[in-house]
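First up is the structure itself, then whatever we jot down about it.
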Amino acid sequence: MSAVSDRLPTFPWDKLEPYKKTAAAHPDGIVDLSVGTPVDPVPELIQKALIDAADSPGYPTVWGTPALRDAITGWVERRLGARGVTHRHVLPIVGSKELVAWLPTQLGLGPGDRVAYPRLAYPTYEVGARLARAEYEVYDDPTELDPRGLKLLWLNSPSNPTGKVLSGQELTRIVAWAREHGVLIFSDECYLELGWEADPVSVLHPDVNGGSCDGIVAVHSLSKRSNLAGYRAAFLAGDPAVLGPLLEIRKHGGMMTSAPTQAAVVAALGDDEHVRVQRDRYAARRTALRGALEAHGFRIEHSEASLYLWATRDESCWATVAHLAELGVLVAPGDFYGEAGARHVRVAFTATDDRVEAAVRRLA
């Protein structure tokens, strides 16, 4: 056991505990903007689908029901603009973090293989490489990487933590480079439906991939767009030559989404109205927090999409965390996402309207 845990870095969120205690001591309580966890209700039509499927005594299948695969393929074509998507092009997963952490292992990567991800990135990309004992490195432009031994290239657009969006032209260039060098792309697109000042594009769009998903897989989650973080509901879409072996591995590992959750996902992917309603909530919170932060002396960078504001006061991120904690506001230090974030903080707008209003008052 220790041999595995010793490969991993210190869990970053543990470092926030002292600042969380400071923020919680505020007379009006803490405003926790550190973690992007949904706080709004699960839409009723999704709850109903879950309840209606609650009598599910048998084992679910790893590949999901035909209805679930139909829902995923339909959504991928309708929302992402993909073409020719069949059941072989999709695979349900038990939340996206599980996939990110275990993908290098499931791909059979190990010592001597390389995994690359953005310089500022979700820390689980590194964790996945460490678990597989693969080498890992960061990039600013992936096409400047040495392709020798590079077995897995993570893209993340819109970015967590910065909210930066890769344009269609950038994605097209990266996909062409990866194919030229035989590098597998996994594109984390979990925030794609939350574009504010940009319209995020999927690697599955034919303008990006030339109408072929060879060598590319997109990762999507219902946690943010449908408030289903507690359901652990996500899926992959892309190259059947990659997804087929992953399906077999995941069958052996029992990595199956529960039957009620599968039914809930069918309902969620079939309805766009609840996504619009949730977007409107987030847009209002984003506007309020951005204005308050800027008036307080912060500069907001990138942040054209996702659920976060990437903010700086041109000081150590921990000095900023401490300053805001004294106001009862907890944010995430930028260095959780890489050394390049050492002078930024990530501010989530996933708190309730009441708590966002409290943060705005305190910043004023």
Side-chain angles (χ1 to χ4, degrees), residues 80 82 96 99-101 103-110 112-132 134-192 195 198-220 236-239 241-243 301-306 310 334 336-341 344:
L80 305 184
S96 58
L99 183 279
V100 174
L103 178 65
T105 298
Q106 292 176 13
L107 291 174
L109 305 190
D113 296 323
R114 292 165 48 233
V115 176
Y117 49 86
R119 187 170 302 280
L120 283 165
Y122 186 44
T124 311
Y125 302 134
E126 176 186 332
V127 167
R130 284 176 177 252
L131 286 170
E135 299 173 14
Y136 52 90
E137 60 189 283
V138 299
Y139 65 78
D140 295 307
D141 179 346
T143 66
E144 295 176 356
L145 292 166
D146 182 349
R148 291 173 294 183
L150 180 60
K151 297 298 179 64
L152 174 60
L153 174 63
W154 279 108
L155 304 182
N156 180 208
S157 175
S159 162
N160 174 16
T162 68
K164 181 179 179 181
V165 173
L166 294 173
S167 69
Q169 292 80 4
E170 289 175 297
L171 288 171
T172 301
R173 177 175 60 85
I174 293 167
V175 167
W177 176 86
R179 284 175 168 169
E180 178 185 353
H181 297 287
V183 177
L184 174 63
I185 287 179
F186 264 69
S187 181
D188 182 344
E189 302 176 352
C190 290
Y191 296 93
L192 185 134
D199 188 13
V201 180
S202 172
V203 291
L204 299 181
H205 196 286
D207 289 350
V208 170
N209 62 35
S212 165
C213 23
D214 290 352
I216 56 175
V217 176
V219 183
H220 283 270
L236 305 178
D239 190 346
V242 178
L243 298 188
E301 297 181 355
H302 302 303
S303 307
E304 58 261 34
S306 83
W310 189 238
F336 276 11
Y337 308 94
E339 295 179 3
H344 290 73

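One-based numbering along the sequence shown.
- Contacts classified as side chain to side chain donor-acceptor pair (under 3.5 Å) and involving residues 145-154 (residues at least two apart or in different chains) are given here: Asp113-Lys151, Asp146-Arg148.
- The side chain to side chain donor-acceptor pair (under 3.5 Å) check on Asp239 picks up nothing, with sequence neighbours excluded.
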Problem - side chain to side chain contact (heavy atoms under 4.5 Å, CB included) between Leu155 and Leu171, worked out - result: CA-CA 9 Å; Leu155 304 182; Leu171 288 171; 4.0 Å; yes
Handout entry: Step-by-step side chain to side chain contact (heavy atoms under 4.5 Å, CB included) determination, Leu236 to Phe186
Key = CA-CA 9 Å; Leu236 305 178; Phe186 264 69; 4.2 Å; yes
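- In terms of heavy-atom proximity, Val219 sits nearest to Ser96 at CG1-CB, 4.0 Å.
- For Asn156, there are no side chain to side chain donor-acceptor pair (under 3.5 Å) partners two or more places apart in sequence or in a different chain.
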Exercise for the section: Test side chain to side chain contact (heavy atoms under 4.5 Å, CB included) on Val203 and Val217 and set out the steps. Expected result: CA-CA 8 Å; Val203 291; Val217 176; over 6 Å; no
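- Listed by chain and residue number, Asp141, Arg173, Ile174, Trp177 satisfy the side-chain contact (heavy atoms from CB on, under 4.5 Å) test with Thr143 (two or more places apart in sequence, or in another chain).
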Exercise for the section: Might you work through the side-chain hydrogen bond (donor to acceptor under 3.5 Å, both in side chains) test for Thr172 and Gln169, ending with a clear yes or no? Expected result: CA-CA 5 Å; Thr172 301; Gln169 292 80 4; over 6 Å; no
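- In this structure, the side-chain contact (heavy atoms from CB on, under 4.5 Å) partners of Thr124, at least two apart in sequence or on a different chain, are Lys97, Val100, Ala101, Tyr122, Val127.
- Taking the side chain as every heavy atom from C-beta outward, Leu184 and Leu153 never approach each other to under 4.5 Å.
- Annotation: side-chain contact (heavy atoms from CB on, under 4.5 Å) contacts of Pro200 (sequence neighbours excluded): Pro158, Val165, Leu192, Ala305.
- What you find for Ser306 and Gly163 is that their closest heavy atoms are OG-CA, 3.6 Å.
- Remark: Thr162 pairs with Leu120, Ser159, Lys164, His302, Trp310 by the side-chain contact (heavy atoms from CB on, under 4.5 Å) rule, at least two apart or across chains.
- Side-chain contact, Tyr125 with Asp188: a donor N or O sits under 3.5 Å from an acceptor N or O.
- Residues meeting the side chain to side chain donor-acceptor pair (under 3.5 Å) test with Glu137, sequence neighbours left out: Arg114.
- Judged by distance alone, the side chain of Arg179 and the main-chain N or O of Asn209 form a donor-acceptor pair under 3.5 Å.
- For the atom pair CG of Leu166 and OG of Ser187, the computed distance is 8.0 Å after rounding to the nearest 0.5 Å.
- Glu126 meets the salt bridge (Lys or Arg N to Asp or Glu O under 4.0 Å) test with Arg130; sequence neighbours excluded.
- Glu135 meets the side chain to side chain donor-acceptor pair (under 3.5 Å) test with no other residue; sequence neighbours excluded.
- Sorted by first and then second residue, the side chain to side chain donor-acceptor pair (under 3.5 Å) pairs with a member in residues 198-207 read Glu189-Ser202; sequence neighbours excluded.
- The closest side-chain heavy-atom distance from Leu109 to Val115 is below 4.5 Å.
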